[in-house]
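Have a look at the structure below, then the notes.
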Amino acid sequence: MKYLAPCLALVLLATPAMAQSIGEKTGINSTLGISPATEDFVKQAAVSDMFEIQSSQLAQERGNAAEKSFAATMIKDHEKTTSDLKSMVSDGELKMALPTELDSSHQSKLEKLKSLKAADFSSRYASDQVSGHKDAVSLFERYAKGGEDPKLKEWAGKTLPALQHHLEMAQDLDKKRK
């Protein structure tokens, strides 16, 4: 009985941190407008950048002229945000490691894209870009409003307009395809 109270306290203290990570993974935080934990934000931003770069490299090989132009912008801009994140981590400002590979969700999207050609590729690439940028805009908006790390919070706010512009570009690309 004397161990029950300390164990219960540990469980209760750990629950908010675990819930936030689980919430970020399931999209609940986004739906509720809850700011992600710093580690979740950094991981999601890095994975999003990796997916944008890798899927856009495919688009430069397989896409039409509009997709190739869009892809070039995505690669350039997302390489910059990746560089920014790496710089904050390597400077010791953020005490965490960046992911080095896509998560399973993004990896399966990339594998699907790799299997498609012509119109099927174009359709999937455009729709992945729209949904990916909607997610990124939500992630950056929420962190810019309520993030824990002041410098990262400021960076998220400064990066947000470019992501919003990317979303508009992706939506235009998707409309042209239809």
Side-chain angles (χ1 to χ4, degrees), residues 20-37 39-86 89 96-144 155-178:
Q20 194 160 24
S21 293
I22 291 168
E24 202 57 46
K25 288 179 187 174
T26 61
I28 292 170
N29 287 358
S30 179
T31 302
L32 298 175
I34 297 170
S35 178
E39 191 169 334
D40 288 339
F41 172 76
V42 170
K43 180 182 178 192
Q44 292 299 319
V47 167
S48 176
D49 278 350
M50 281 190 277
F51 179 75
E52 293 302 327
I53 292 166
Q54 292 176 30
S55 63
S56 293
Q57 287 168 337
L58 274 176
Q60 287 193 314
E61 294 171 14
R62 301 179 184 184
N64 61 35
E67 291 160 354
K68 287 178 180 183
S69 174
F70 174 82
T73 301
M74 294 305 101
I75 291 168
K76 179 175 94 20
D77 290 358
H78 287 282
E79 283 178 345
K80 181 186 180 327
T81 55
T82 295
S83 175
D84 291 347
L85 271 177
K86 282 181 180 176
V89 169
M96 62 193 71
L98 289 175
T100 56
E101 57 188 33
L102 295 172
D103 60 17
S104 60
S105 169
H106 286 91
Q107 185 62 47
S108 66
K109 286 180 184 181
L110 189 63
E111 292 304 319
K112 179 67 177 171
L113 267 178
K114 286 179 180 179
S115 73
L116 300 173
K117 304 269 189 260
D120 291 334
F121 174 85
S122 294
S123 175
R124 183 63 179 247
Y125 177 68
S127 111
D128 282 352
Q129 292 301 310
V130 170
S131 68
H133 282 95
K134 281 182 181 177
D135 291 346
V137 165
S138 168
L139 181 73
F140 276 69
E141 278 178 342
R142 290 181 292 117
Y143 199 84
W155 176 76
K158 287 180 180 176
T159 305
L160 187 57
L163 292 173
Q164 290 166 326
H165 181 63
H166 290 175
L167 175 57
E168 291 168 6
M169 291 169 63
Q171 289 168 329
D172 287 347
L173 187 67
D174 196 35
K175 285 178 193 167
K176 288 177 185 172
R177 179 189 60 73
K178 293 177 181 178

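Computed over heavy atoms, backbone and side chain alike; hydrogens, waters and symmetry mates excluded. This chain uses plain numbering: 1 for the first residue, then up along the sequence.
Here CG of Asp49 is found 12.0 Å from CD1 of Ile75. Values are rounded to the nearest 0.5 Å. Atom CD of Glu79 sits about 7.5 Å away from atom OG1 of Thr82, to the nearest 0.5 Å. Rounding to the nearest 0.5 angstrom, the gap separating the CG atom in Leu163 from the CD atom in Glu168 is 11.5 Å. Between atom NE2 of residue His166 and atom CD of residue Gln164 there is a gap of 11.0 Å, rounded to the nearest 0.5 Å.
Across Phe140 and Leu160, no two heavy atoms sit closer than the pair CB-CD1, 3.9 Å. Pairing each heavy atom of Gly63 with each of Lys68, the nearest pair is O-CE, 3.0 Å. Taking both residues in full, the closest heavy atoms of Leu98 and Ala46 are given as CD2-CB, 4.1 Å, listed atom of the first, atom of the second, then distance. Closest heavy-atom contact between Ala59 and Ala71: CB-CB, 3.8 Å. Closest heavy-atom contact between Asp174 and Ser127: OD1-N, 4.3 Å. Residues Val47 and Leu102 come closest through the heavy atom pair O-CD2, 3.7 Å.
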| request: Verify side-chain contact (heavy atoms from CB on, under 4.5 Å) between Arg62 and Glu67, making sure each step is shown before the conclusion. | output: CA-CA 9 Å; Arg62 301 179 184 184; Glu67 291 160 354; over 6 Å; no
Report task. Assess whether side-chain contact (heavy atoms from CB on, under 4.5 Å) is satisfied between Trp155 and Thr81, documenting all intermediate values. Result -> CA-CA 10 Å; Trp155 176 76; Thr81 55; 3.9 Å; yes
I would like to know whether Leu58 and Gln54 meet side-chain contact (heavy atoms from CB on, under 4.5 Å); could you show each step before the answer? CA-CA 7 Å; Leu58 274 176; Gln54 292 176 30; over 6 Å; no
Acceptor/donor pairs from residues 109-117 side chains to any protein atom, 3.5 angstrom cut, sequence neighbours excluded:
from, atom 1, to, atom 2, distance (Å)
Glu111, OE2, Gln107, NE2, 2.6
Ser115, OG, Lys112, O, 2.7

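Salt bridge present: Lys80 and Asp84 bring a charged side-chain N and a carboxylate O closer than 4.0 Å.
Taking the side chain as every heavy atom from C-beta outward, Arg124 and Asp120 never approach each other to under 4.5 Å. Residues Pro99 and Met50 form a side-chain contact, since some pair of their non-hydrogen atoms from C-beta on lies under 4.5 Å apart. Using a 4.5 Å heavy-atom cutoff, the side chains of Asp128 and Glu52 are not in contact. Here the side chains of Leu173 and Lys176 are not in contact, with every heavy-atom distance at 4.5 Å or above.
Looking at His133, its side chain does come within 3.5 Å of a backbone N or O of Gln129 through a donor-acceptor pair. Ser69 places no side-chain N or O within donor-acceptor distance of the main-chain N or O of Ala65, the cut-off being under 3.5 Å. Checked by atom type and distance alone, the side chain of Ser108 pairs as donor or acceptor with a backbone atom of Ser105 at under 3.5 Å. Formation of a donor-acceptor pair under 3.5 Å by the Gln60 side chain with backbone atoms of Gln57 is not found in this model. Here the side chain of Thr159 pairs no donor or acceptor atom with the backbone of Ala156 at under 3.5 angstrom.
The aromatic rings of Tyr125 and Phe70 sit perpendicular to each other, their planes meeting at more than 60°, with 30° as the lower class boundary.
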